[in-house]
Amino acid sequence: MKPIPYGRQHIDQVDIDTVVATLKADFLTQGPKVSEFEEKFAAYVGAKYAVAVNNATSGLHISVLALDLKEGDRVITTSITFAASANCIRYAGAEVWFADIDPETYLLSIESVQQLIESKPKGFFKGIIPVDFAGLPVDLESFRALANKHDLWIIEDACHAPGGYFVDSKNKKQRCGNGSYADIGVFSFHPVKHIACGEGGMVTTNSKTLYKKLSLLRSHGITKENMQENHGGWFYEMQELGFNYRLTDIQSALGITQLAKNDIGVIRRNEISTRYKEAFNNKIKFQSLPIGAYNAHHLFVIEVNDRKGLYDYLRKQNVFAQIHYIPVHTLPYYKNIGYGSANLSSTELYYENCISLPMYPTLTKEEQSFVIEKVISFING
Ligand SMILES: Cc1ncc(COP(=O)(O)O)c(C=O)c1O
């Protein structure tokens with residue numbers, strides 16, 4: 001069997017032709033493809049506005065800044081995520097407070113968040129960054145109710161979840177990143193994610209004020225709008241200390257064709273997930289699916305007792321499973337600033353047992369059968 005990774009991009013001839021056409025066009029960066037991608041992405045997730053950025057880490061950074069996060073402020077997130085979900089809080093000089101996960105969904109536990117909030121005086125926290133981990137949408141309706149009670153903002157880290165949704169109490173489908181309950185949603189277009197741009201990201205919101213701030217921060221804080229002075233056609237103002245976090249036209253062209261295929265990809269990911277679940281049912285624990293939720297399935301995670309044994313065994317069989325994630329609070333940077341001893345029992349237990357199996361639209365039936373057979377034979381000893 002040839003090597004089977006845990007995830008991989010799918011680039012076809014349409015993607016290649018579109019990128020080549022963009023290379024021959026007038027703009028390589030900040031041309032028409034960026035705004036086309038933004039408009040199509042906003043329409044896809046059902047948000048009013050979308051701001052394309054050079055990766056999701058930049059997107060998270062400008063999101064916390066747009067929400068006015070300052071040095072010494074405090075924000076709650078999960079430790080079962082990629083470090084960037086927490087790092088954006090540190091970029092603003094603020095404190096990360098990790099709450100525990102739900103042991104069945106692996107998502108940030110609302111009970112744990114609530115306990116943390118209620119153990120502190122009002123105003124102690126500024127916001128919450130829940131993550132649609134593995135592609136499973138967070139119940140943002142419940143998080144919104146909690147956030148409203150305590151005057152907090154919400155950034156939905158939807159990097160794993162374009163195309164995922166949950167159904168709210170009004171029986172309405174709420175697509176990840178649609179901005180109905182979270183203030184801002186952030187997506188990644190890293191190659192292992194659903195939509196591959198090489199590097200890339202998108203920030204979505206329904207707030208015009210946030211949209212304007214995000215757009216300014218993405219591009220040096222420079223604008224030609226609402227200027228204090230105007231010396232002529234060349235004139236611009238730098239109104240904020242912003243960054244160069246722009247996505248190029250070349251990447252946006254690829255993003256547009258990739259986005260067009262996302263629904264098909266998510267359907268295929270769900271077929272793969274169904275097959276894993278049928279094979280593992282009652283034998284192996286996997287991420288549960290709350291009623292009404294549609295998992296976009298960036299990952300398929302199982303829990304096993306001898307996780308390292310399974311990881312090593314699969315590698316010998318050319319199956320490159322992966323671990324998502326080493327808890328962020330145990331990474332040396334966070335340990336060194338005092339986080340290592342956080343009491344997150346479900347997070348720690350999950351990390352001991354978790355392993356992500358291959359999950360990507362072009363995984364063949366034969367490859368998946370091979371993976372299933374190897375996992376089951378390892379479990380059966
Ligand atoms: C949950 C999560 N948040 C943020 C990021 C950062 O994304 P990017 O690599 O586009 O900066 C990732 C990427 O791995 C991620 O998985």
Side-chain angles (χ1 to χ4, degrees), residues 5-9 37 41 50-65 75-92 96 98-99 101 105-108 127-138 140 154-164 176-177 182 184-204 214 217-218 243-248 251-252 254-255 258-259 262 269 287 295-301 322-329 331 333-334 347 350-351 354 356 359-360:
Y6 83 89
R8 71 168 277 122
Q9 73 275 19
F37 188 28
F41 196 87
V51 179
V53 282
N54 58 349
N55 57 62
T57 305
S58 307
L60 286 161
H61 185 196
I62 59 172
S63 296
V64 297
L65 295 183
V75 176
I76 301 171
T77 191
T78 170
S79 191
I80 297 300
T81 185
F82 184 63
S85 317
N87 292 350
C88 62
I89 303 166
R90 298 296 301 143
Y91 295 158
V96 186
F98 294 103
I101 58 163
T105 63
Y106 312 150
L107 303 180
L108 186 61
I128 313 173
I129 307 183
V131 178
D132 298 318
F133 173 71
L136 183 62
V138 170
L140 287 172
I154 300 175
I155 296 174
E156 176 188 10
D157 182 334
C159 286
H160 295 184
C176 293
I184 291 179
V186 180
F187 293 85
S188 169
F189 307 137
H190 178 279
V192 291
K193 304 293 196 298
H194 292 57
I195 295 164
C197 288
E199 294 279 355
M202 195 70 80
V203 185
T204 55
L214 291 162
L217 289 166
R218 171 204 32 200
F243 309 88
N244 179 355
Y245 284 172
R246 296 187 299 250
L247 193 68
T248 66
Q251 291 163 311
S252 299
L254 182 54
Q258 289 269 298
L259 176 64
N262 194 54
R269 286 169 185 274
Q287 185 179 32
N295 191 333
H297 271 304
H298 166 49
L299 303 171
F300 190 88
V301 183
Q322 192 48 278
I323 308 306
H324 296 95
Y325 288 93
I326 305 164
V328 178
H329 73 281
L331 298 172
Y333 167 77
Y334 283 97
T347 296
Y350 165 84
Y351 173 61
C354 69
S356 308
M359 167 58 83
Y360 48 94

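Start at 1 and go down the list; that is how both ligands and their atoms are numbered. Bear in mind the structure is a predicted one, so any value in this text is a computation, not a measurement.
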Does [X] reach the side chain of [Y], with side-chain heavy atoms less than 4.5 Å apart?
X	Y	answer
Gln258	Phe189	no
Leu108	Phe133	no
Ser188	Asn55	no

**Request:** Go through ligand 1 atom by atom and flag the ones less than 4.0 Å from a non-hydrogen atom of Thr81.
**Result:** 1 (C)
**Asked** Looking at Thr57, which atoms of ligand 1 are within less than 4.0 Å of one of its heavy atoms?
**Response** 6 (C), 8 (P), 11 (O)
Hey, what's the ring geometry for [X] with [Y], parallel, tilted or perpendicular (30° and 60° as the breaks)?
X	Y	result
His160	His298	tilted
Phe98	Tyr334	perpendicular
Phe41	Phe187	perpendicular

Backbone, side chain, both or neither: what part of [X] comes under 4.0 angstrom of ligand 1, heavy atoms only?
X	result
Phe187	neither
Ala56	both
Asp157	side chain

**Message:** Quick check: Tyr325 and ligand 1, any N/O pair under 3.5 Å apart?
**Reply:** yes
**Message:** Considering both backbone and side-chain atoms of Glu199, is one of its nitrogen or oxygen atoms within less than 3.5 Å of a nitrogen or oxygen in ligand 1?
**Reply:** no
**Asked** Quick one: nearest non-hydrogen protein atom to atom 15 (C) of ligand 1, plus distance?
**Response** Phe82 CB, 3.5 Å
**Complete:** of all protein heavy atoms, closest to atom 16 (O) of ligand 1 is His160 NE2, 2.8 Å
Ligand 1 contacted by [X] (non-hydrogen, < 4.0 Å):
X	result
Lys193	yes
Ser85	yes
Gly200	yes

**Request:** Over all heavy atoms of both residues, which pair between Val64 and Ala92 is shortest? Give the atoms and the distance, please.
**Result:** CG2-CB, 4.2 Å
**Prompt:** Mind checking whether Phe243 and Tyr91 have ring centres under 6.0 Å apart?
**Reply:** no
**Message:** Are there over 12 heavy-atom neighbours, none belonging to Ile326, within less than 6.0 Å of that residue's CD1?
**Reply:** no
**Fill in**
Of Cys159, Ser188, Gly201, Ala84, the residue with the heavy atom nearest atom 9 (O) of ligand 1 is Ser188
